[in-house]
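Proteins come first, then strands; the chains are lettered A, B, ... in the order of their sequence lines, and each starts at number 1.
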Amino acid sequence: MAEKAVAKRMMRLEVVTTREVVFASDAEMIVAPGTEGSLGILPLHAPLVSALEPGVLRVRQHGAEVRMAVSSGFIVVKPHKTVVLADAAERAEEIDVERAMAARERALKRLTARGESIDMVRAEAALRRAAARLKAAGREGDPH
Amino acid sequence: MQGTRDIRRRIRSVKNMQQITRAMKMVAAARLRKAQERVLAARPFARTMREVFLDLMSKTTVTNPLMAERGQNKRVLYVVITGDRGLSGGYNANILRKALSHAGKVEEASFVAVGKKGRDYLRFRKLAIAGEHVQLGDEPQFMVARQILDQVSRSFINNEVDEVYLVYSQFVTAMTQRPVANRLLPLAAPVGEKAGEASGEGDAAGPKAAGASAETGGGPGYLLPEYIYEPSAEAILARLIPKYLETLIFHGMLEGKAGEFGARMTAMDMATNNAAEMIDRLTLQYNRARQASITKEINEIVGGANALQ
């Protein structure tokens with residue numbers, strides 16, 4: 001009985017990038033970085049489409065938490081399946097911390113140097129992606 | 001009759017060529033497998049993208065600058081995806097033929113060349129090249145698709161062109177590639193979905209795989225869920241359209257790559273077989289020549305002995 005209840009409270013989650021399926025498994029809860037704020041998704045959530053910003057996607061699975069860094073994309077909640085479409089997505093343990101730190105340094109340098117406006121936008125996006133990766137990897141506290 | 005030495009030399013050179021074509025065939029076969037895997041791996045993204053896009057289009061009346069119709073066959077920009085290398089049978093030529101036959105029917109055609117072979121050919125024909133992306137390697141990068149879309153959508157929005165077509169080779173089987181020209185811009189609201197690729201909108205999920213068309217073709221009984229859009233349907237659409245178009249271009253690149261390896265594998269297989277045939281023929285010729293010279297020598301000896309008697 002208890003087991004059945006647990007089994008019922010799962011939903012399918014797929015994290016898909018343009019080149020591969022990063023994650024495909026059952027989840028109990030998903031917390032996604034929506035553009036309008038964090039989105040908590042539980043099973044039987046109403047169908048929803050939201051834009052995502054670079055951040056940490058947290059997935060609770062059998063009581064444990066899986067963290068993934070996602071860059072901008074979309075989350076699509078369907079009745080039996082939730083799909084995260086992202087430009088890039090990495091599991092916390094696969095994140096190259098060194099590289100993310102280097103990327104953050106680079107972006108910060110560019111931001112303080114103040115170049116053209118297009119570069120600023122790009123640097124800002126790069127900074128957000130790097131921060132998301134570091135946060136997912138648990139190497140950085142709250143970035144704000 | 002050629003001298004036996006000449007024939008032997010030719011046999012050796014054909015054997016060398018055969019070794020090369022055989023090696024190229026093996027390499028192409030291995031890369032083909034990887035390229036096919038990449039096409040498959042990219043499919044779920046494209047499919048979900050398309051599904052959300054279709055749902056959005058059926059619900060919102062909002063229009064996007066990228067959907068503005070300005071008349072057909074006037075100023076058309078072609079994104080032509082070819083390979084960087086030759087020795088792949090008719091692969092590149094078929095794509096270029098498709099592009100040029102389409103371009104022949106419009107008032108003003110310009111091209112974005114993706115792949116060295118296409119670029120070289122368009123340059124040779126002195127056609128208007130608006131952009132080029134060459135030396136892309138065996139693994140298509142999404143960044144390139146994004147750059148291409150940036151360029152063509154800017155041209156479109158600045159009213160420099162009225163339509164943008166994507167010309168690439170659909171991967172049917174390793175032996176068969178089908179060059180297609182699908183309209184990219186203006187992005188059509190997919191109302192006549194069932195009309196399929198002939199309507200020009202093209203197929204997001206790539207080749208008309210049974211699964212893909214069943215899912216997106218609006219088969220009876222299949223209903224898309226009623227989505228809530230956050231922040232709003234309009235905002236999602238504005239972000240989704242460029243991403244969707246990038247996915248289409250990227251998919252064209254992936255499929256083109258698979259087709260290129262398939263075509264090369266087939267071409268090199270044929271070349272290897274032809275070489276084998278030629279070696280057989282030359283060996284026969286060589287044996288005949290050898291036999292003829294032996295016979296001649298015996299005749300001379302016999303003739304000489306008879307003369308002494």
*asked:* What part of A:I75 gets within 4.5 angstrom of chain B, counting heavy atoms only: side chain, backbone, both, or neither?
replied: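 No part of A:I75 comes within 4.5 Å of chain B.
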Heavy-atom check, side chain of [X] versus side chain of [Y], under 4.5 Å:
{"X": "B:E230", "Y": "A:T35", "value": "no"}
{"X": "B:R146", "Y": "A:D87", "value": "yes"}
{"X": "A:V76", "Y": "B:E51", "value": "no"}
{"X": "A:F74", "Y": "B:V52", "value": "no"}

*Would you say B:R38's side chain and A:E20's backbone share a donor-acceptor pair under 3.5 angstrom?*
no
*Can you measure from CZ (B:F142) to OG1 (A:T18) and round to the nearest 0.5 angstrom?*
5.0 Å
*Atom pair OG (A:S50) and CZ (B:R239), whose distance is rounded to the nearest 0.5 Å*: 8.5 Å
*Could you tell me whether A:R12 atom CZ has more than 12 heavy atoms of other residues or ligands within 6.0 Å of it?*
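Yes - once you tally the heavy atoms of other residues, nucleotides and ligands closer than 6.0 Å, there are more than 12.
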_Between B:I228, B:L240, B:L40, who has the most heavy-atom pairs with chain A when the cutoff is under 4.5 Å?_
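Winner by heavy-atom pair count: B:I228.
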*Do you know which of B:P231, B:P44, B:P140, B:S232 has the most heavy-atom pairs with chain A at a distance under 4.5 angstrom?*
B:P231
*So which of A:V49, A:V16, A:L48, A:T17 has the biggest tally of heavy-atom pairs under 4.5 Å with chain B?*
A:V49
*asked:* Tell me whether B:E37 is salt-bridged to A:R19, with the criterion being a basic N under 4.0 Å from an acidic carboxylate O.
replied: no
